Amino acid sequence: PRPDVHPVAPGTHLLFAQSGKIEQVPLDGYNIKKEEAKPLLHIPDRVVIAVAYDCVEKKVYWTDITGPAISRASLSGGDVSHVVTTDLQSPEGIAVDHVARLLFWTDSMRDTVEVSKLDGSQRQVLFDTDLVNPRAIVTNPAYGRLYWADWNRDGPKIEMSNMDGTERVVLVKDDLGLPNGLTFDPDNQQLCWADAGKTPLASVRDSQGGVYGSSPQAEEADRRRDPVPVRALISFGRNLYYTDWRREAVVAVDRQSEKETEEFLPQKRSRLYGITATSTQCPQAYNYCSD
Amino acid sequence: DATRGTSGDCQPCPCPSGATCAVVLTTREVVCTNCPTGTTGKRCELCDDGFFGDPLGQSGPVRACRACKCSDNIDPNAAVGNCNRETGECLKCIYNTDGFFCDRCKEGFYGNALATNPADKCKPCSCSLAGTVGRQTSCSQVTGQCQCLPNVAERDCSTCQPGFFNLQSGNGCERCNCNPIGSTN
């Protein structure tokens, strides 16, 4: 184990990127145990953007735009290693399918959505057309689906496809500003996003793998509020946790009441990027990619 | 190592004032942990995301880290990696701009990249394929004039000059050759 890596204690933690490091902070129920925040990993010469968690091997994956590289480390003792280092320009979003053991990422300069095994092998470009500023990407392992957001100002959209690249469709394109963060809630089969340019948090439900649409009531309510300066968000149980670029804080929101419940200001005041949660359970699922 | 009992046990952090440091036990490497705003790196020698410069003067004179200067044609919040952390070259120009400082229109667009209103910045050339030399898609950066085939008119080379016809030939327009006596114009 490397001494600059602090092992994550059992229980759920939030992991978030702050420029040259990944910070960890435990959750007590849904409360952020602020006084127990500490760095998981110091990578001072890198700018870490997105983080994703593999609940099976208990590893954190991240993209860094300075390498550029995609790397991983275990939560128990380090094992820092690069997964992808070639043919990357601005890898900004990352997602793991813990079932099929796949890694997905977006590159906002290559304008691609790509896939590989978790060790970086068998890499393939899934999409390289109709992408301008792809960033956030998430998986729905139970349905073998992939969702990503493109915050292109001339045509922002949230798209979906199967994990093998088939059946690509635009899920949301109306009333979007800067769709920045995406998260998938497996309990409710609900895709949530943060729009930093227009409405705040909104969602659509994945109903048995087919019918999609945004909720008109939610949109009506959202239009009256200010945009939320969100860089990334993660759904965990009844809460959403997001990194806020204005306050340089991690903010907790209760999804039901849509009220902010907590704010965590890290000791170092600098930009926060990706966020994920290391839940103790790994949702049981099976999908066609796991064959 | 404060336990050896020598005068050299504790040394000052090799970091700018205000920053703290820590020793990585295995490598005994010293890493700064709280670099001043806008800086990062083991010795606070790098500029943070969204800033550029050379805070310790490692490759020339000292240049404090400053926010990326990209002619207001970047998104400082939504985008990451907006400029090269050392040179300041803009990497994530928006509004169809391009160039070191996002200060000109990108290929295939024309207008004033420095206009204040995004709608007034860079517009697509939209050159008419049939009327433009070599079916080019780029145009004059300033006027937006596409390079028209012979006897073709308009900024986008979309019509024949008066007295000419057959734009679709792809070779320019031909003279009408109408008999002046039997024609109305």
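Computed from heavy atoms alone, side chains included, the values below leave out hydrogens, waters and symmetry copies. Chain letters run A, B, ... following the sequence lines, proteins first and then strands; every chain starts at 1. As the structure is a prediction and not an experimental result, all values here were calculated from the model.
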Please check if the number of heavy atoms outside A:Glu260 that lie under 6.0 Å from its CD is greater than 12. yes
Under 4.5 Å heavy-atom distance to chain B, tell me which part of A:Asp45 shows up: side chain, backbone, both or neither. both
Are any of the side-chain heavy atoms of A:Arg153 and B:Pro118 separated by less than 4.5 Å? no
Please name the pair of heavy atoms, one in B:Arg85 and one in A:Arg46, separated by the smallest distance, quoted to 0.1 Å. NH2-C, 4.4 Å
Go through the atoms of B:Asn84 and report whether side chain, backbone, both or neither lie under 4.5 Å from a heavy atom of chain A. neither
Do other residues, nucleotides or ligands put more than 12 heavy atoms under 6.0 Å from the CZ atom of A:Arg247? yes
Going through the checks in order, is the side chain to side chain contact (heavy atoms under 4.5 Å, CB included) test met by B:Asp75 and A:Leu178? CA-CA 10 Å; B:Asp75 197 315; A:Leu178 291 173; 3.6 Å; yes
Counting heavy-atom pairs under 4.5 Å with chain A, the top scorer among B:Cys35, B:Cys44, B:Gly81, B:Ala79 is B:Ala79
Measuring heavy-atom distances to chain B, does A:Gln89 have an atom under 4.5 Å in its side chain, in its backbone, in both, or in neither? neither
Does any backbone or side-chain atom of B:Arg43 lie under 4.5 Å from a heavy atom of chain A? Answer side chain, backbone, both or neither. neither
Tell me, yes or no, whether the heavy-atom count around A:Gln267 atom CD, taken from other residues, nucleotides or ligands under 6.0 Å, exceeds 12. no
With a sphere of 6.0 Å drawn around NZ of B:Lys69, does it hold more than 12 non-hydrogen atoms of other residues, nucleotides or ligands? no
Closer than 4.0 angstrom, basic N to acidic O: yes or no for A:Arg271 and B:Asp48? no
Does some side-chain heavy atom of A:Val47 sit less than 4.5 Å from a side-chain heavy atom of B:Val80? no
Validation row: B:Leu46, A:Thr66 side chains within 4.5 angstrom (heavy atoms): no
Where does B:Thr39 contact chain A at under 4.5 Å (heavy atoms): side chain, backbone, both or neither? backbone
Would you find more than 12 non-hydrogen atoms of other residues, nucleotides or ligands less than 6.0 Å from B:Asp72 atom CG? no
Does A:His42 reach the side chain of B:Lys42, with side-chain heavy atoms less than 4.5 Å apart? no
Report which part of A:Asp154 has an atom under 4.5 Å of a heavy atom belonging to chain B: side chain, backbone, both, or neither. side chain
How close do B:Val31 and A:Pro44 get, heavy atom to heavy atom, and via which atoms? CG1-CG, 4.1 Å
